[in-house]
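Handing you this structure, nothing more for now.
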Amino acid sequence: MEGDSRRYQRQREAMVKNQIEARGVSDPKTLAAMRRVPRHLFVNEALMDQAYNDHPLPIGEQQTISQPYIVAMMTEALQVDEDDRVLEIGTGSGYQAAVLAEIAYRVYTIERNRTLYQNARKVFEQLGYYNVIPRYSDGTIGWREESPFDAIIITAGAPEIPKPLIDQLAMGGRMVIPVGSSLSQKMIKVVKDDQGIHQSELGGCRFVRLVGQYGWRDS
Ligand code: SAH
């Protein structure tokens, strides 16, 4: 892939081995996607050499690209299949959407910040992620016209699970969402079946706020 030098490929291999496999992520599809997506092309040029380090990075507009391990852990938890249609809330840099696009049939991704939305659009096009469909909107109300979704991922911290997103989850669908205060959250996995909704906890985390009608109010 253009702009993906051997040096970055080596850093990416090390990232997968030392940060992601070492912490217990084992799903082959997730690991393969993390090995493929050129994470350094989703950050500002000045930060490229830090792109494969074990922490989040600023992407402008006071937002961040998540730590690689968190991206992998959430991707694995979604149990994405090649036929699946996935909804992401919080496009940010576009990196998580690209990782999912390596596995899924199609990824719908919503961003409320216009600058980040526009930047991410360009990156998807430049890198050929034609199965990612970006939208500039409040993602807490979901994307009703394209629902239901086999998997929904929210990459910003919510005070509670937005009701519209539960409604737009397909039968048999999976959702992962950080829920809690604006300082710390628990990663919640939601599964929907004919009995209803089942929730489990995947551990602590810290995300920027999900701001919108069914999230935190204003910025
Ligand atoms: N998934 C991103 C990281 C996201 S950071 C990546 O891979 O880089 C969280 C993002 O959620 C921010 O860009 C923020 O603007 C966005 N966001 C917050 N509330 C939102 C909402 N209601 N709808 C859509 N995007 C939202």
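Residue indices begin at 1 and follow the sequence shown. Whatever order the structure lists them in is the order used to number ligands and atoms, beginning at 1.
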For atom 5 (S) of ligand 1, what's the nearest protein heavy-atom neighbour? Residue, atom name and distance, please. Thr64 O, 3.2 Å
Do you see a donor-acceptor pair shorter than 3.5 Å between the side chains of Glu88 and Thr109?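 On atom types as modelled, these side chains qualify, holding a pair under 3.5 Å.
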May I have the step-by-step check of side chain to side chain donor-acceptor pair (under 3.5 Å) for Gln96 and Thr75, ending in yes or no? CA-CA 8 Å; Gln96 172 77 74; Thr75 303; 2.9 Å; yes
Would Asn113 count as a polar contact of ligand 1, with the cut-off being nitrogen or oxygen pairs under 3.5 Å? no
Quick note on ligand 1: atoms under 4.0 Å from a heavy atom of Ile89 include exactly 23 (N), 24 (C)
Any donor-acceptor N or O pair under 3.5 Å, side chains Asn131, Tyr108: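 Checked: Asn131/Tyr108 side chains show no N/O donor-acceptor pair below 3.5 Å.
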Would you indicate whether Arg121, at its atom CZ, is surrounded by more than 12 heavy atoms from other residues, nucleotides or ligands within a distance under 6.0 Å?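 Not more than 12 within 6.0 Å, no.
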Heavy-atom nearest pair, Ile177 first then Pro162, reads CD1-CD, 3.6 Å
For Gln96, take its heavy atoms, then give the atoms of ligand 1 lying under 4.0 Å from any of them.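 Heavy-atom distances to Gln96 below 4.0 Å select 1 (N), 7 (O).
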Quick one: do the Lys29 and Gln79 side chains pair a donor with an acceptor below 3.5 Å? no
Do Met15 and Leu31 land in one hydrophobic cluster if side-chain heavy atoms of ILVMFWY residues count as linked below 4.5 Å?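 Yes, Met15 and Leu31 fall within the same hydrophobic cluster.
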Between the candidates Pro56, Gly90, Gly60, Gly92, which shows the shortest non-hydrogen contact distance to atom 1 (N) of ligand 1?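 Going through Pro56, Gly90, Gly60, Gly92 one by one, Gly90 has the nearest heavy atom to atom 1 (N) of ligand 1.
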Best match, Gln63, Met74, Arg39: closest heavy atom to atom 12 (C) of ligand 1: Gln63
Does Ser137 approach ligand 1 within less than 4.0 angstrom via side chain, backbone, both or neither, non-hydrogen atoms only?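 For Ser137, the contact with ligand 1 is made by the backbone alone.
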Ile65 neighbourhood, listing ligand 1 atoms whose heavy-atom distance to it stays under 4.0 Å: 8 (O)
Could you pull out, from Arg209, Glu111, Arg112, Arg114, the option with a heavy atom nearest to atom 15 (O) of ligand 1?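 Residue with the shortest heavy-atom distance to the ligand atom: Glu111.
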Same hydrophobic cluster for Leu87 and Tyr117, using side-chain heavy-atom links shorter than 4.5 Å among ILVMFWY?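 Per the 4.5 Å side-chain linkage, Leu87 and Tyr117 are not co-clustered.
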Check ligand 1 against Thr140 and write out every atom of the ligand that is under 4.0 Å from a heavy-atom position of the residue. 22 (N)
Using a 4.0 Å heavy-atom cut-off, which part of Thr155 comes near ligand 1: side chain, backbone, both, or neither? both
Quick one: look at Leu116 and ligand 1, take heavy-atom pairs under 4.0 Å, and tell me if it's side chain, backbone, both or neither.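 The part of Leu116 near ligand 1 is the side chain, not the backbone.
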Can you see whether Tyr129 engages Glu102 through a side-chain donor-acceptor pair at a distance of less than 3.5 angstrom?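 Indeed, the side chains of Tyr129 and Glu102 share at least one donor-acceptor pair under 3.5 Å.
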Between Gln213 and Asp138: side-chain donor-acceptor atoms closer than 3.5 Å: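 Their side chains do not contain a donor-acceptor pair, so the 3.5 Å distance test is not met.
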Run the numbers on Asp54 and Arg23 for salt bridge (Lys or Arg N to Asp or Glu O under 4.0 Å), then give the verdict. CA-CA 12 Å; Asp54 195 11; Arg23 292 198 183 101; 2.6 Å; yes
Of the listed options (Ile141, Thr91, Ile59), which comes nearest to atom 2 (C) of ligand 1 when hydrogens are ignored and any heavy atom counts? Thr91
Can you name the atoms of ligand 1, numbered from 1 with element, that are less than 4.0 Å from a heavy atom of Glu88?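 Listed by number with element: 1 (N).
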Give the numbers and elements of all ligand 1 atoms closer than 4.0 Å to a heavy atom of Ser93.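 Result: 6 (C), 7 (O), 8 (O).
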Numbered atoms and elements of ligand 1 in range of Ile110, under 4.0 angstrom, heavy atoms: 24 (C), 25 (N)
Under 4.5 Å between any side-chain heavy atoms of Pro178 and Thr155, yes or no?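 Sidechains of Thr155 and Pro178: no contact.
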To the nearest 0.1 Å, how far is atom 23 (N) of ligand 1 from its closest protein heavy atom, and which atom is that? Gly139 N, 2.8 Å
At less than 4.0 angstrom from any non-hydrogen atom of Val208, what atoms of ligand 1 do you find? 5 (S), 9 (C)
Tell me which protein heavy atom sits closest to atom 19 (N) of ligand 1, plus the residue, atom name and distance to 0.1 Å. Val211 N, 3.0 Å
